[in-house]
Peer 1: 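To start, I am sharing the structure in question, which I have written as structure tokens.
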Amino acid sequence: GGSEYCGRVIRSALDSLRWSASDSDLKIIFIAGNESFAQGQIDFRESCREAIGQGIIINTIFCGDAREGVGLNWKEAAELADGRYVSINQNEKIVHIPAPQDSLINRLSLELNKTYLGYGALGKTLKERQERQDANAVSYGSAVGATRAAVKASKSYKNASWDLVDAVEEGQVELETLPEEQLPDELKGKSIEERKQVLKQLKEKRERIRAEIRKLDAQRKRYLAEHRPAPQGNTLDRALIGLVREQAAAKSFYFPKQQ
């Protein structure tokens, strides 16, 4: 029910992203939508030809009936850039299944939050937002909260812009030079060595909790694999994963079976 300028967004991706010049690397643009592919002033055909000229594949994903997507040029666009056209069931509901591990994972998530120390002008506000997002997730069900907790337990989940533990670990902040007024209340009035000790203890506690959450999440995933109902139709995640595997294999990429 809106404007989708596919030719323009492809051109923007080509111009603004840093693409590898190697032909052996896998370079893909995914574009999904449910309107005509031909909208906008930039001709999608030119954008698609420019992309494949740089060795960049374009996969198009139409959210709706496959035949309708063909009529709206989604298949043509993919074929111009050596990609694949697929359609997905945009109305399929996500089913969140409760697992025995959910309640403990959510309790550990609350404990994990206690290891964060907001610093600077926005530290307190952003720490409160983190807690609010957790509460919102749990309000949709324990399974949703557990899923969010698993993300927080990953090694890639960093908050150096407002959490002092991450900021010091990432080298973005030095305790010796951080003004007293930017310190969290827990560290004010303490010596540098005392502050370092507090951060060390919080970091160690955080890693212990994260490790426990990851362990429980692995158990949870095994449980869900055994109890989740069979999917009906194609969905965005399945389409993306399937296309990446197929096109990566064509370039001799290898995926271990467990992934």
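What you see below is based on every heavy atom in this structure, not just the backbone, and it leaves out hydrogens, waters and symmetry mates. Counting from 1, the numbers follow the sequence of the chain as shown. Only a predicted model underlies this, so the values are computations on that prediction, with no experimental measurement involved.
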Peer 1: Going through the checks in order, is the side chain to side chain contact (heavy atoms under 4.5 Å, CB included) test met by Lys114 and Leu202?
Peer 2: CA-CA 8 Å; Lys114 296 177 183 178; Leu202 289 174; over 6 Å; no
Peer 1: Check the hydrophobic clustering (I, L, V, M, F, W, Y; side-chain heavy atoms under 4.5 Å; chains of links allowed) and say if Val244 and Ile61 are grouped together.
Peer 2: yes
Peer 1: Is the shortest heavy-atom distance from the side chain of Ile29 to the side chain of Val9 under 4.5 Å?
Peer 2: no
Peer 1: Is it true that Asn73 and Glu76 share a donor-acceptor pair across their side chains at a distance under 3.5 Å?
Peer 2: yes
Peer 1: Verify the cluster assignment for Ile105 and Tyr116: are they in a single hydrophobic cluster under the rule of side-chain heavy atoms below 4.5 Å apart?
Peer 2: yes
Peer 1: Report yes if some heavy atom in the side chain of Leu175 is under 4.5 Å from a heavy atom in the side chain of Val168; otherwise report no.
Peer 2: yes
Peer 1: Establish, yes or no, whether a centroid distance under 6.0 Å links the rings of Trp74 and Phe37.
Peer 2: yes
Peer 1: Treat each ILVMFWY residue as a node, draw an edge where side-chain heavy atoms are under 4.5 Å apart, and state whether Leu122 and Val173 are in one component.
Peer 2: no
Peer 1: Are Lys200 and Glu204 within salt-bridge range, i.e. N to O under 4.0 Å?
Peer 2: yes
Peer 1: Calculate, to the nearest 0.5 Å, the distance between atoms CD and OG1 belonging to Gln182 and Thr177 respectively.
Peer 2: 9.5 Å
Peer 1: Does a side-chain heavy-atom distance below 4.5 Å link Leu164 with Pro184?
Peer 2: yes
Peer 1: Taking all non-hydrogen atoms of both residues into account, name the closest pair between Glu4 and Gly33 and its distance.
Peer 2: OE1-CA, 3.5 Å
Peer 1: Could you check whether atom CZ of Arg148 has more than 12 heavy atoms from other residues, nucleotides or ligands sitting under 6.0 Å from it?
Peer 2: yes
Peer 1: So, for Glu180 and Gly189, which heavy atoms are closest and what is the spacing to 0.1 Å?
Peer 2: OE2-N, 3.0 Å
Peer 1: Has the side chain of Ser12 got a donor or acceptor atom that lies under 3.5 Å from a matching backbone atom of Arg8?
Peer 2: no
Peer 1: A quick test of your reading: do over 12 heavy atoms of other residues, nucleotides or ligands sit less than 6.0 Å from CD of Glu174?
Peer 2: no
Peer 1: State, to 0.1 Å, how close Ala99 and Tyr223 come at their nearest heavy-atom pair, and which atoms those are.
Peer 2: CB-CD2, 3.7 Å
Peer 1: Just verifying a value: how many Å separate Asp217 CG and Gln101 CD, rounded to the nearest 0.5 Å?
Peer 2: 9.0 Å
Peer 1: Answer yes or no: are there more than 12 heavy-atom neighbours, outside Lys75 itself, under 6.0 Å from its atom NZ?
Peer 2: no
Peer 1: Looking at OG1 of Thr60 and CG of Leu243, how far apart are the two atoms once the value is rounded to the nearest 0.5 Å?
Peer 2: 9.0 Å
Peer 1: Got Arg210 and Lys155 here, is their nearest side-chain heavy-atom distance under 4.5 Å?
Peer 2: no
Peer 1: Mind checking the CD-CZ spacing from Glu212 to Arg214? Nearest 0.5 Å is all I need.
Peer 2: 10.5 Å
Peer 1: When rounded to the nearest 0.5 angstrom, what distance separates OG in Ser22 from NZ in Lys27?
Peer 2: 6.5 Å
Peer 1: Quick one, Glu131 with Lys127, criterion salt bridge (Lys or Arg N to Asp or Glu O under 4.0 Å). Give me CA distance, side-chain angles, the key distance, then yes/no.
Peer 2: CA-CA 7 Å; Glu131 295 170 351; Lys127 186 177 189 301; 2.9 Å; yes
Peer 1: Indicate yes or no for a side-chain donor-acceptor contact from Asn159 to the backbone of Trp162 under 3.5 Å, with no hydrogens or angles considered.
Peer 2: no
Peer 1: I'd like to check Ile31 versus Asn59 (side-chain heavy atoms, cut-off strictly below 4.5 Å). Are they in contact?
Peer 2: no
Peer 1: Can you confirm whether Arg195 sits close enough to Val198 that some side-chain heavy atom of one is under 4.5 Å from a side-chain heavy atom of the other?
Peer 2: no
Peer 1: State plainly whether one hydrophobic cluster holds both Leu216 and Tyr157, where clusters connect Ile, Leu, Val, Met, Phe, Trp and Tyr through side-chain heavy atoms under 4.5 angstrom apart.
Peer 2: yes
Peer 1: Tell me the closest heavy-atom pair linking Gly83 and Ile57, and the distance in Å.
Peer 2: CA-CG2, 3.5 Å
Peer 1: Which pair of heavy atoms, one from Ala160 and one from Ala167, lies closest together, and at what distance?
Peer 2: O-CB, 3.3 Å
Peer 1: Would you check if Arg107 and Leu110 make a side-chain contact, meaning some heavy-atom pair closer than 4.5 Å?
Peer 2: no
Peer 1: Applying side chain to side chain donor-acceptor pair (under 3.5 Å), name anything that partners Ser20, two or more places apart in sequence or on another chain.
Peer 2: Asp25
Peer 1: Is there a continuous path of hydrophobic side-chain contacts, each under 4.5 Å between heavy atoms, that joins Val138 to Leu104?
Peer 2: no
Peer 1: Walk me through it: do Arg220 and Leu224 pass the test side chain to side chain contact (heavy atoms under 4.5 Å, CB included)?
Peer 2: CA-CA 6 Å; Arg220 179 177 183 269; Leu224 294 178; 3.7 Å; yes
Peer 1: Taking NZ, NE, NH1 and NH2 as the nitrogens, is one of them in Asp185 or Lys188 under 4.0 Å from a carboxylate oxygen of the other?
Peer 2: yes
Peer 1: For a quick test of reading the model, state the closest non-hydrogen atom pair linking Ser142 to Asp102 and the distance between them.
Peer 2: OG-OD2, 3.5 Å
Peer 1: For Gln39 and Phe44, what are the C-alpha separation, side-chain angles and deciding distance, and is it a side chain to side chain contact (heavy atoms under 4.5 Å, CB included)?
Peer 2: CA-CA 8 Å; Gln39 292 187 59; Phe44 75 87; over 6 Å; no
Peer 1: Counting heavy atoms not belonging to Glu176, are there more than 12 under 6.0 Å from its CD?
Peer 2: yes
Peer 1: For Asp163, which of Arg129, Lys203, Lys124, Arg206 qualifies under salt bridge (charged side-chain N to carboxylate O under 4.0 Å, His left out)?
Peer 2: Arg206
Peer 1: Can you tell me how far apart CG (Asp166) and CG (Leu117) are? Round to the nearest 0.5 Å.
Peer 2: 10.5 Å
Peer 1: When you check the gap from the basic side-chain N to the acidic O, do Glu46 and Arg49 get nearer than 4.0 Å?
Peer 2: no
Peer 1: Taking the side chain as every heavy atom from C-beta outward, state whether Ile58 and Ile28 have any pair of such atoms under 4.5 Å apart.
Peer 2: no
Peer 1: Mind running side chain to side chain contact (heavy atoms under 4.5 Å, CB included) on Tyr85 and Glu79 for me, showing each step along the way?
Peer 2: CA-CA 8 Å; Tyr85 163 68; Glu79 291 176 343; over 6 Å; no
Peer 1: Kindly check if the number of other-residue, nucleotide or ligand heavy atoms within 6.0 Å of OH (Tyr5) is above 12?
Peer 2: no
Peer 1: Just wondering, more than 12 heavy atoms not from Asp23 lying within 6.0 Å of its CG?
Peer 2: no
Peer 1: Identify which one of Ile56, Asp43, Leu80 satisfies the side-chain contact (heavy atoms from CB on, under 4.5 Å) criterion when paired with Cys48.
Peer 2: Leu80
